[in-house]
Amino acid sequence: MPEGPSIVILKELVQEFKGKTLLHIYGNTKVDFSSLENQKVTEFKSFGKNFFICFKRGSIKIHFMLFGSYRINEKKDTPPRLSLHFKNGELNFYACSVKFIEANLDETYDWTADVMNENWSAAKAKKKLKAIPRTLVCDALLDQNIFAGVGNIIKNEVLFRVQVHPKTKVGDLPPKKLTELVREARQYSFDFLEWKKQYTLKKHWLVHTKRTCPRDGSRIVKEYLGRTHRRTFFCNSCQVFYKTSRDQIARSKKIKSKKSKIKIPRLDHQGARN
DNA sequence: CCGGTTGTTCAGCG
DNA sequence: GCGCTGAACAACCG
């Protein structure tokens, strides 16, 4: 449920409650929302993996984390974290993080960072990436300040699509590849949205949970990579491990300064395959 | 029945 | 006080 496109689907599914008056709200959340009763839902919004139910006096922020779920006009057997009742139906949320935001959402979030948003800015994403050259691309794609909405599946699929090895550092990407990566993060998210709606998302996975590469038939590698050790699937022969010569020089200088005579061979710009 | 996970926060460490 | 890391949390599927 949790990646950005799934939240966009939720937003579309609840439109019948837009403008409707909240008659009753309850749940096992610690936050008290009773003051929102008899208030009208002004809007539903999404930012990355966050879902918002907006009222004049503030917004309920829902994050589904890994296990959250929802039901529209039906209930699950377990008690809801939050349940909203309207004249025309009900909205139930389970096992999710719930918060109340009083501040104006437009001023709280950088909407240019949301890959599903109409205000998404590829240029700003590139600028943010250039500021963190030593970060691995697999971590950069999961950075919600740069690619809000991108999750682990999208990360894996995007890296395969642009043929970049997950351990490549952001600063080692050739400029064209950087551009491609940023474009694909948004593009794949919209493909994800369409396939999810058609219930054919899994069928379209190229590497995520796969065992063989659809491109050259070689074995797909599964490793737990990056700062948060997330499941990463990739093809070692198709996805290029970029390493700039600058990196190589810096390393060889360091070694030389320690009186070592070992010469580090310079790699060309295409870099070494792992 | 157990192991694993589409994610984030936060305590505890150096 | 920072940046980093692993633990904790949660529910459902195979």
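Convention: sequence-line order gives letters A, B, ...; per-chain numbering from 1. Values in this document were obtained by computation on a predicted structure and should not be read as measured data.
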Could you tell me if K202(A) sits above the aromatic ring of W195(A), with its cationic atom closer than 6.0 Å to the ring centre and no more than 45 degrees from the axis? no
With sugar-phosphate meaning primed atoms plus P, OP1 and OP2, does R227(A) contact a base, only sugar-phosphate, or nothing at under 4.0 Å between heavy atoms? base
Side chain of Q144(A) only, please: which of dT6(B), dA10(C), dT8(B) is the nearest? dT8(B)
Taking 4.0 Å as the cut-off, does a side-chain nitrogen or oxygen of H229(A) come that near to OP1 or OP2 on dT5(C)? no
Strictly below 4.0 Å: does K49(A) bring a side-chain N or O up to OP1 or OP2 of dT8(B)? yes
Can you measure E3(A) atom CD to dT5(B) atom P for me and round it to whole angstrom units? 14 Å
Nearest whole Å is fine: how far is dT9(B) P from H63(A) NE2? 7 Å
Check the distance between dG3(B)'s P and Y224(A)'s OH and give it to me in whole angstrom. 14 Å
note: K30(A), atom NZ; dC9(C), atom C1'; distance rounded to Å ~ 12 Å
Hey, does the side chain of Q163(A) reach the backbone of V240(A) with a donor-acceptor pair shorter than 3.5 angstrom? no
For the pair made of CZ in F147(A) and P in dT8(B), what is the distance, rounded to whole Å? 15 Å
Closest to the 5' end of DNA chain C, once K202(A) and R81(A) are matched to their nearest nucleotides, is R81(A)
Within this structure, what is the OH-to-P distance between Y94(A) and dA11(C), rounded to whole angstrom? 12 Å
Considering every strand shown, what is the Watson-Crick or G-U wobble mate of dA10(C) when both distances are under 3.5 Å? none
Across the strands shown, which category fits K155(A) at heavy-atom distances under 4.0 angstrom: base, sugar-phosphate, nothing? nothing
Using atom types as modelled and distance alone, determine if a side-chain donor or acceptor of K124(A) lies under 3.5 Å from a backbone N or O of A113(A). no
R161(A) with E180(A): basic N within carboxylate O range, under 4.0 Å: no
Check: H165(A) ring centre within less than 6.0 Å of Y242(A) ring centre: no
Give none if dG14(B) has no partner; otherwise give the nucleotide forming a Watson-Crick or G-U wobble pair with it, both distances under 3.5 Å. dC2(C)
Distance below 4.0 Å between R231(A) side-chain N/O and dG4(B) OP1 or OP2: no
Find the distance M65(A):CE to dC12(C):P and express it as a whole number of Å. 16 Å
When rounded to whole Å, the CG to P distance for the pair L66(A) and dG3(B) reads 18 Å
Please pick, from dA11(C), dT5(B), dG7(B), the nucleotide with the shortest atom-to-atom distance to any side-chain atom of K76(A). dA11(C)
